[in-house]
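Notes follow once the structure below has been shown.
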Amino acid sequence: MTKVKKIDSYHRKNDRMENKSYTKHFLFLSVLLIILFFLNISFGSVSIPFKDIFNSIFGGNVTKESWGTIIINFRLPKAITAVLVGSGLSICGLLMQTLFRNPLAGPFVLGISSGASLGVAILILGSSVFGGFLLTSSVSNWSLPIAASLGAFLVLSAVIIAANKVRNTMSILIIGLMFGSLTSAVISVLSYFSEAAQIQQYLFWSFGSLGNLSWNEITVFVMIYTIGILGTISVIKPLNSFLLGENYAKSLGINVKRSRNIILLITSILTGVITAFSGPIAFVGLAVPHIARMLFSSSNHKILLPAVAIIGAIALLVCDMIAQLPTSEFTLPINAITSLFGAPVVIWLLIRKKRIFV
Amino acid sequence: MGKNGIGKSTLLRTLSKVQKPILGDVFIHQKKLQELTEKELSTQLSLVLTERLPESQLTVYELIALGRQPYTNWIDKLSEKDIEKVETAIHQTEIAHLKNRRFYELSDGQLQRVLIARALAQDTEIIILDEPTAHLDMHHTIKIFSLLKKLVAETQKTVVISSHEVNLSIQLADEIILITENTLHSGTPKKLIEENAFDTLFPKELVIFNKELQQFVISKN
């Protein structure tokens, strides 16, 4: 009997230890996130002392007025965008990987990003193909996000309709891929008939950019992002049950179809709005969930969701800093950086661990 | 019981609402299965399936605790009672030493006991198991069977299993449903033996049922 008790208390201690180590992880990552956030703001073509960065954000005196403007109107929005985009895409990736029980799933796989791209392509490239009834040379601030969101929503609606027709989740994945290549094909056709200037404009959008967002746009971004996050929190329970497969989830009282549709909807809203404001940013959504799973070695979404959000934000802040690094006037395209540095990291992680999880 | 492809799994899948009935209706407590919501059914019937679990890093404890989902709140917080039920299930299946292991590290026999514990934690009147001993050697097969037998005695649950283990089932089952191409026999093993029901199960030139031994033996010729 005493032996049983001993074993029991040992296990309980073990449980507690595990929880404690999670808190440590979270504490460390949060501090890292805050440090990187301010470090990110301090990076740029104009070097501004730390003291003035703090002062301009928290309302103190700034040595130079132009510094204050740079911080408040350019660097702070950009850092916030990086956090939103990084965490949002990573959460989408986690949702897709769990829903499809496939470690290779991500916001791109469902064709949602391609849908957003299609919207933008029709807006920018279509003007030369279809003539002037679409926007001509000057694309207004809002038309781009609207077109991207519409495109994302269109493809997602198609995917959801298809998803309700087929029972197998694997088929949905393939349908998403097909929609993706379909939209890319349409974009290719459009670019073939477009003028060089328009193709260049589209190309620049597709490089991705975290800057150029006004505070108005940030407000809209944050609002939609919050809706997405709240929705995600509401599906934590079904997400955990999906770890056992759909049949078990159903036997546990989960309405599989409804949960699946909610998850797809959240993903499309988040991916749509992110792609709309910052362009198609590859790789983050696929890689960050894997990094989070390895760091936390857990599949529990109550732990993974916050972990993925923080790590995603960190990843994009770092990528943005790398893009800025040559301290010159040039900023490298963020999309290239995320792939350039992210892909090797994931390959290394996978080779070292040899086992990938959902 | 029945031979491969006769429809054992189909029957169990129909009984557990995993698939729609091909014909007819299933009733639980005078209520049509198709009219029960997933939520209602989840407190009456739990499953142990043959399908492989998706690769994840769930610990054994987390996996068993998922069995409490029908009772937990929207954020899946385990109450005192939930924890107690999980602990009881772990105790009943004798897997306390596996609690903090990841489920992918387990052997097939251990995993099967963990899945049974998960079904127990779900605290339902009926547990349906689809070929619970499919991948197990004889020792572990007997272990699982006697565990189920013990659980039935201890918890008064109804345990429905499909199985190829004919000889063991005859020794251990309270009631057997025997499906053959043309007919369906059901009753206690003793009754089925008296009815010579087992003679119809396999082709006679290969195996025959020996009434004295109460088990199948290979045909001598």
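Please read these numbers as outputs of a predicted model, since none were measured by experiment. Below, chain A is the first sequence line, B the second, and so on; all start at residue 1. Heavy-atom basis, side chains included; hydrogens, waters and symmetry copies ignored.
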Interface residue of largest heavy-atom contact number with chain B, from A:I254, A:V235, A:N255, under 4.5 Å
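Result: the option with the highest number of such pairs is A:I254.
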With A:H301, which of A:L95, A:I233, A:N240 fulfils side-chain contact (heavy atoms from CB on, under 4.5 Å)?
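Among A:L95, A:I233, A:N240, the one that satisfies the side-chain contact (heavy atoms from CB on, under 4.5 Å) with A:H301 is A:N240.
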Any donor-acceptor pair under 3.5 Å linking the side chain of [X] with the backbone of [Y]?
X	Y	value
B:R13	B:V18	no
A:Q97	A:L286	yes
A:Y225	A:S87	no
B:K99	B:E87	no

Region of [X] in contact with chain A, defined by heavy-atom distances below 4.5 Å:
X	value
B:T124	neither
B:L115	side chain
B:Q69	both
B:R118	side chain

Relative to each other, are the rings of B:F198 and B:F216 parallel, tilted or perpendicular (30° and 60° limits)?
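Geometry flag for B:F216 against B:F198: perpendicular rings.
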Are there residues of residues 157-181 of chain B whose heavy atoms fall under 4.5 Å of chain A's heavy atoms? If so, which?
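Residues in range: none.
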Of the backbone (N, CA, C, O) and the side chain (C-beta and beyond), which part of A:L244 lies under 4.5 Å from a heavy atom of chain B, both, or neither?
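For A:L244, backbone and side chain are both near chain B.
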Using a cut-off of under 4.5 Å on heavy-atom pairs, state which of B:L49, B:L47, B:L41, B:L58 scores highest against chain A.
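The option with the most such pairs is B:L49.
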Heavy-atom check, side chain of A:I310 versus side chain of A:S30, under 4.5 Å:
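Sidechains of A:S30 and A:I310: in contact.
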Answer yes or no: is there a side-chain heavy-atom contact under 4.5 Å between A:P289 and A:R293?
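The answer is yes; the side chains approach within 4.5 Å.
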With rounding to the nearest 0.5 Å, note down the distance linking CD1 in B:I90 to NZ in B:K85.
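The CD1 atom of B:I90 sits 14.0 Å away from the NZ atom of B:K85.
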